[in-house]
Amino acid sequence: MPLLHGEPPVIAIDGPSGSGKGTIARSVAQRLSFVFLDSGALYRAVALASLNTHTKEDDAEALAQLALTAPIDFSRNQDTGDAAVLLGAQDVTADLRREEVGERASKIATHQQVRAALLDRQRRWRQPPGLVADGRDMGTVVFPDAILKVFLTASAEIRAKRRHKQLIEKGMSAKIESLLADIRKRDDRDYNREIAPLKAAEDSVAIDSSLLSIDQVVTKVLDLAENRL
Ligand code: DC
């Protein structure tokens, strides 16, 4: 595998909540045997730590301190062997998916100090043979020299439907209208925040996944990656 500038290659996959980037990035990483970084999980873990410690959502300094020091570990659940996010000794994988945690993550992510504190933590994931990083600013801020930058979108309605299906499959109840309203609110904050807003890198390839299956998107990304690796 060629190393660009002596660094392992990065494939950055950015996009709004529910665009499918997590599933797609994970699958691309698996197919290439690359390391996978779910940067949203880092933001969510800091958000959860802030809720647990009653840190206020506007206390940028205390939040940045948490971002630097919270004992977040991407590891395996000792009982099941499944990939897990640990906060200290606790497996918080399921907690991170809670709506309240996602909402808090989106809020703390607006603080420049928090983003700066997470920068090094994210860059440390760049390991041989390469990294697939999923987030909002992977291609624009964290890994501007990524060999491939994908900006993955899907209409808000489609994303609300996908989220609804996921929740129903998990036996949880949900209303499409309120999911759609949540998605729009989250989009508004992520796209319009002053610091590192969600936006496509100039040299990114846009893929709209609204009418594509996961496999179709994965194949597209792998084709693009193959050309550049
Ligand atoms: O991808 P996600 O839904 O797990 O991310 C949760 C929140 O974290 C999202 O609303 C915005 C923030 N985030 C960010 O600002 N930058 C990233 N690279 C990843 C996530």
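Quick caveat: nothing in here was measured; it's all calculated off a predicted structure. Every number for a ligand or one of its atoms is a count from 1 in the order of the listing. Quick note: residue numbers are just sequence positions, from 1.
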Heavy atoms only: which of Arg104, Lys107, Arg136, Glu103 is nearest to atom 1 (O) of ligand 1?
Arg136
Mind listing the closest non-hydrogen atom pair of Ala225 and Leu148 along with its distance?
N-CD2, 3.7 Å
Hey, which atoms in ligand 1 end up nearer than 4.0 Å to a heavy atom of Ser17?
3 (O)
Polar contacts were defined as any N/O atom of the residue lying under 3.5 Å from an N/O atom of the ligand; does this apply to Asp38 and ligand 1?
no
Run the side chain to side chain contact (heavy atoms under 4.5 Å, CB included) test on Arg104 and Ile108 for me, step by step, so that the C-alpha distance in whole Å, both residues' side-chain angles and the decisive distance to 0.1 Å come before the verdict.
CA-CA 6 Å; Arg104 169 60 75 110; Ile108 66 162; 3.7 Å; yes
For residues Ile72 and Arg121, determine if any side-chain heavy atom of one lies less than 4.5 Å from a side-chain heavy atom of the other.
yes
Kindly give the heavy-atom pair with the smallest separation between Asp134 and Phe36, and that separation in Å.
OD2-CZ, 3.9 Å
Under a 4.0 angstrom heavy-atom cut-off, which atoms of ligand 1 come close to Met138?
18 (N)
Provide the number and element of each atom of ligand 1 under 4.0 Å from a heavy atom of Lys21.
1 (O)
Shortest non-hydrogen contact between Ala64 and Val114, atoms and distance:
N-CG2, 3.9 Å
Got the closest protein heavy atom to atom 7 (C) of ligand 1, with its distance?
Ala105 CB, 3.7 Å
Looking only at N/O atoms, are Tyr43 and ligand 1 under 3.5 Å apart anywhere?
no
Looking at Lys149 and Asp203, does any basic side-chain N land under 4.0 Å from a carboxylate oxygen?
yes
Any idea which protein heavy atom is nearest atom 15 (O) of ligand 1, and the distance to it?
Arg115 NH1, 2.8 Å
Between Arg136 and Tyr43: side-chain donor-acceptor atoms closer than 3.5 Å:
no
For the NZ atom on Lys161, are there more than 12 heavy atoms of other groups (residues, nucleotides or ligands in this structure) within a distance under 6.0 Å?
no
Has ligand 1 got any nitrogen or oxygen that is less than 3.5 angstrom from a nitrogen or oxygen of Arg44?
yes
Counting from 1 in the order shown, the ligand 1 atoms closer than 4.0 Å to a non-hydrogen atom of Ala109 are 12 (C), 15 (O)
Between Asp120 and Arg123, is there a side-chain N and carboxylate O pair less than 4.0 Å apart?
no
Protein contact to atom 19 (C) of ligand 1 [nearest heavy atom, distance to 0.1 Å]:
Ser39 OG, 3.5 Å
Note: Arg189, heavy atoms under 4.0 Å from ligand 1, region reported as neither
Examine the proximity of ligand 1 to Asp190 and report which part, side chain or backbone, both or neither, has a heavy atom under 4.0 Å away.
side chain
Relative to the heavy atoms of Arg193, which atoms of ligand 1 are at a distance of less than 4.0 Å?
14 (C), 15 (O)
